[in-house]
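Have a look at the structure below before the remarks.
Along the sequence shown, the residues carry numbers beginning at 1.
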Amino acid sequence: MRTLLKGFIANGLSEPFRGAVLVENDTIIAVEKDICGTSAADRILQWKDEIIAPGFIDVHGHSDLSVLADPAGASKRHQGVTCEITGNCGLSAFPLTANNFDHLQKLYENYGVLLSWNDCRTYLETLEQKPVNLRIFPLCGHNTLRSAAAGYEQKELKYSELEQMKKMLVCALESGAVGMSTGLLYTPGCFAGHREIVELMQILAKYDAVYTTHLRSEGDKLLESLIDTINAAKEAHLTKIQISHLKTAGAANWHKLDAALDIIRDARAGGLDIRFDRYPYTESQTMLSVILPAPFDTMPDRDITQALLDEKAVAAVRESLSMRDDSDWQRWRITGTTHPKWKNFIGRKYSSITEDKVTAVIDQLRFDATTATIGAAGLSEENMLKIITDDLCMAGSDGNALPLSTCFGTAHPRAFGAIAEFIRLKLAHGQSIGKCIKAVSSTPAEFFRLPDIGFIQCGKKADITVFSPDDIGCKADFVTPHCFADGIKMTMLNGNAEFY
């Protein structure tokens with residue numbers, strides 16, 4: 001089967017040029033500027049002003065389980081994404097042992113998928129058995145790795161536990177993982193010390209793999225966290241770092257962006273290939289439990305639900321949350337819960353709730369903390385634009401591939417719009433089409449060493465996105481987050497085209 005695509009081609013290397021791409025089965029076999037001189041094809045697809053680009057790569061996704069529950073990957077494909085880096089923020093679908101299986105099965109229960117694998121190899125084999133509509137490259141999540149070896153308790157690892165982690169990481173890298181992610185804000189990653197991270201980085205260095213990190217702090221201790229990460233990488237002789245969803249959280253920290261970028265550029269000048277990703281929204285989303293006081297802030301979410309069966313624990317949480325300033329309730333919103341009452345408030349700010357806001361939080365956590373999420377305003381739009389238009393920034397949704405329905409829960413709008421909005425904003429602020437396409441294709445393909453994709457070149461896989469630069473974007477918001485992106489005309493994965 002030969003397909004000929006005609007139009008403006010942005011190949012991941014240069015600005016668009018008028019030409020034609022010839023695809024045979026799953027491979028690009030010709031790219032020509034002379035649209036009349038290309039070999040005969042079984043079908044011809046022609047566009048006037050749209051751009052034929054490499055399939056977009058989402059470098060920061062969480063579709064590890066959602067693509068098994070619903071392989072169509074609709075929310076991603078409708079924004080031009082054909083490939084996703086999964087396993088971010090320290091959470092991956094592997095490795096699984098008796099220490100973490102029950103916790104992760106509970107965490108992912110809304111997808112209705114039995115965790116029937118134990119390591120990266122068997123996880124990838126499970127993906128291959130499904131008609132998954134995205135090309136998936138997983139990271140090995142440090143939180144999952146640590147819990148597999150030592151559970152979720154706060155402690156310094158034994159020598160044997162760290163050695164087990166290192167062996168499991170090697171196994172993952174040799175089975176197809178493209179690196180390791182950390183989520184140092186979350187349990188049990190928050191318990192990891194400097195030496196633990198360095199020794200794992202040393203393994204990544206041997207495999208020339210990427211270390212991605214949700215920093216220990218993205219606000220008050222942003223610069224310190226960034227410097228700690230860079231120093232650990234230098235000690236481990238690691239050369240590739242990606243800072244996950246780079247941000248300056250909290251208005252008091254907005255002024256730190258220039259200093260953070262200077263730290264990153266100084267590290268690059270010293271030979272460290274350090275980059276970052278970002279989603280184009282000024283409200284973040286995370287687990288509701290992060291607003292809790294100690295000791296609940298370091299508990300796994302499943303344990304929080306159990307702990308709040310104790311009225312003394314409830315009283316302690318109530319006392320702490322009651323002291324929160326009104327400004328907190330004004331910037332926080334309910335973004336996800338399975339509680340039968342409060343799920344009707346999804347998308348609304350806590351400040352709009354006339355009933356007791358503390359009770360609303362406690363109710364959700366007592367019902368099921370693993371499904372309770374919170375959105376938080378507190379990011380600078382000016383900083384967001386400065387980050388997104390930086391040449392070191394790649395596009396990351398920080399979201400799952402989902403269907404239009406809310407059968408798996410309600411998403412942050414980034415799950416449906418991040419990559420499309422990323423491109424729209426770059427174009428709106430003077431970035432060329434070629435530069436925009438590089439950020440979502442060739443740059444991440446080279447950084448993660450993804451084979452055969454990221455470019456429109458002879459011999460590469462036929463992963464292609466066609467989009468209108470005038471129309472690309474997404475209207476999804478917190479009230480109607482499940483809304484497909486605009487401007488995507490076609491995506492092609494392994495030569496198989498879908499039209500929108």
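- In plain terms, the two heavy atoms of A232 and V198 that are nearest each other are CB-CG2, 3.8 Å.
- Among all heavy-atom pairs drawn from L169 and C140, the shortest one is CD1-CB, 4.0 Å.
- For the residue pair T371/T338, the side-chain donor-acceptor check at 3.5 Å is satisfied.
- Figure legend: cation-pi geometry between K155 and F191 absent, as NZ or CZ is not positioned both under 6.0 Å from the six-membered ring centre and within 45° of its axis.
- The aromatic rings of Y500 and H78 lie tilted to each other, with the angle between the two planes from 30° to 60°.
- Residue K438 places its NZ atom among 12 or fewer non-hydrogen atoms of other residues, nucleotides or ligands, all under 6.0 Å distant.
- Here R278 pairs with nothing under the side-chain hydrogen bond (donor to acceptor under 3.5 Å, both in side chains) rule; sequence neighbours left out.
- With hydrogens and angles ignored, the 3.5 Å screen pairs no side-chain donor or acceptor of T337 with any backbone N or O of K343.
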Kindly determine whether F367 and T305 satisfy side-chain contact (heavy atoms from CB on, under 4.5 Å), including the steps that lead there.
CA-CA 7 Å; F367 189 79; T305 295; over 6 Å; no
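- Side-chain atoms of K240 do not come within 3.5 Å of backbone N or O of F448 as any donor-acceptor pair.
- Taking a cutoff of 4.0 Å between a charged side-chain nitrogen and a carboxylate oxygen, R366 and D363 do not qualify as a salt bridge.
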Stepwise salt bridge (Lys or Arg N to Asp or Glu O under 4.0 Å) test for E235 and R195
CA-CA 10 Å; E235 187 176 340; R195 176 48 44 191; 2.4 Å; yes
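- Heavy-atom neighbours of E224 CD from other residues, nucleotides or ligands within 6.0 Å: above the threshold of 12.
- Remark: R414 is positioned above the aromatic ring of Y279, its terminal NZ or CZ atom under 6.0 angstrom from the ring centre and at most 45 degrees off the axis.
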Which is it for D356 and R318 under the salt bridge (Lys or Arg N to Asp or Glu O under 4.0 Å) test, yes or no, and what are the steps along the way?
CA-CA 11 Å; D356 181 18; R318 184 177 296 279; 3.0 Å; yes
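- Using a 30° and 60° split on the angle between ring planes, H62 and H60 fall in the perpendicular class, above 60°.
- Under the 4.5 Å side-chain criterion, counting only non-hydrogen atoms from C-beta, L204 is not in contact with V210.
- Exactly one of D262, D273, D390 qualifies for a salt bridge (Lys or Arg N to Asp or Glu O under 4.0 Å) with R268. That residue is D273.
- Under a 3.5 Å cut-off, the side chain of N100 and the backbone N or O of P95 do form a donor-acceptor pair.
- Inter-residue side-chain proximity for L365 and L292 is flagged as met; some heavy-atom pair is nearer than 4.5 Å.
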Begin from the C-alpha positions of Y123 and L68 and carry the test side-chain contact (heavy atoms from CB on, under 4.5 Å) through to its verdict.
CA-CA 10 Å; Y123 169 70; L68 290 172; 4.2 Å; yes
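- Here the side chains of K349 and Q330 are not in contact, with every heavy-atom distance at 4.5 Å or above.
- In terms of heavy atoms, P138 sits closest to C120 at CG-SG, 4.3 Å.
- The distance from the CZ atom of R135 to the CG atom of L127 is 12.5 Å, given to the nearest 0.5 Å.
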Report the C-alpha separation of F478 and H412 in whole Å, then their side-chain angles, then the decisive distance to 0.1 Å, and conclude whether the ring-ring contact (aromatic ring centres under 6.0 Å, His included) test is met.
CA-CA 7 Å; F478 282 99; H412 187 294; 4.8 Å; yes
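- In this structure, N133 and E498 have side chains that are in contact, with non-hydrogen atoms separated by less than 4.5 Å.
- Checking side-chain atoms of N110 against main-chain N and O of F408 turns up a donor-acceptor pair under 3.5 Å.
- Separating the CG atom in L238 from the CD1 atom in I197 is a distance of 11.5 Å, to the nearest 0.5 Å.
- The minimum heavy-atom distance between Y152 and T187, with the atom names listed, is O-CG2, 3.6 Å.
- For the residue pair S468 / D470, no side-chain donor-acceptor distance below 3.5 Å is found, with atom types taken as modelled.
- Ring pair F484/F416 is tilted by interplanar angle, where 30° to 60° counts as tilted.
- Around atom NZ of K166, more than 12 heavy atoms belonging to other residues, nucleotides or ligands sit under 6.0 Å away.
- Residues L222 and N253 are not in side-chain contact: their nearest non-hydrogen atoms beyond the backbone lie 4.5 Å or more apart.
- Atom CG of L308 is separated from atom CD1 of I362 by 7.0 Å, given to the nearest 0.5 angstrom.
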Passes side-chain contact (heavy atoms from CB on, under 4.5 Å), N99 versus E161? Steps please.
CA-CA 12 Å; N99 291 326; E161 291 169 334; over 6 Å; no
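- One distance of note links CZ of R424 with CD of Q431; it measures 13.5 Å at 0.5 Å rounding.
- Between D301 and K106, none of the side-chain N atoms (NZ, or NE/NH1/NH2) sits under 4.0 Å from a carboxylate O, so this pair counts as no salt bridge.
- Using a 30° and 60° split on the angle between ring planes, H339 and W342 fall in the tilted class, from 30° to 60°.
- In summary, D58 and K76 engage in a salt bridge, as defined by a charged side-chain N under 4.0 Å from a carboxylate O.
- Side-chain atoms of S75 come within 3.5 Å of backbone atoms of L402 as a donor-acceptor pair (strictly under, hydrogens ignored).
- Taking the side chain as every heavy atom from C-beta outward, L427 and C436 approach each other to under 4.5 Å.
- In E109, the CD atom is crowded: over 12 heavy atoms of neighbouring residues, nucleotides or ligands sit closer than 6.0 Å.
- Of all the heavy atoms in W117 and L96, the pair that sits closest is O-CD1, 3.2 Å.
- At a cut-off of 3.5 Å, with distance as the only test, no side-chain donor of T229 or Y211 sits close to an acceptor on the other residue.
- Here the side chain of Q79 pairs a donor or acceptor atom with the backbone of A418 at under 3.5 angstrom.
- We find the CZ-CG distance between R216 and D228 to be 7.5 Å, quoted to the nearest 0.5 Å.
- Remark: the backbone N or O of S217 is not paired with any side-chain donor or acceptor of D220 at under 3.5 angstrom.
- Side-chain contact between C89 and D398: present, with at least one pair of heavy atoms (C-beta onward) separated by less than 4.5 Å.
- With T465 contributing its side chain and A53 its backbone, the two residues share no donor-acceptor pair below 3.5 Å.
- Note that OG1 of T248 is 11.0 Å distant from CE of M384, once rounded to the nearest 0.5 Å.
- Here the closest heavy-atom approach between residue E218 and residue S244 is recorded as OE2-O, 3.8 Å.
- Judged purely by distance below 3.5 Å, without hydrogens or angles, the side chains of T86 and S63 never pair a donor atom with an acceptor atom.
- A donor-acceptor distance shorter than 3.5 angstrom exists from the side chain of S147 to the backbone of T144, with no hydrogens or angles considered.
- Residues Y111 and D64 form no side-chain contact, since every pair of their non-hydrogen atoms from C-beta on lies 4.5 Å or further apart.
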Between K386 and D258, does the salt bridge (Lys or Arg N to Asp or Glu O under 4.0 Å) criterion hold? Intermediate values first, please.
CA-CA 10 Å; K386 189 169 188 176; D258 286 341; 2.4 Å; yes
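- Between the side chain of D297 and the backbone N or O of V290 there is no donor-acceptor pair closer than 3.5 Å.
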Any chance you could lay out the side-chain contact (heavy atoms from CB on, under 4.5 Å) test for I85 and T212, step after step, and finish with the verdict?
CA-CA 11 Å; I85 306 295; T212 78; 6.0 Å; no
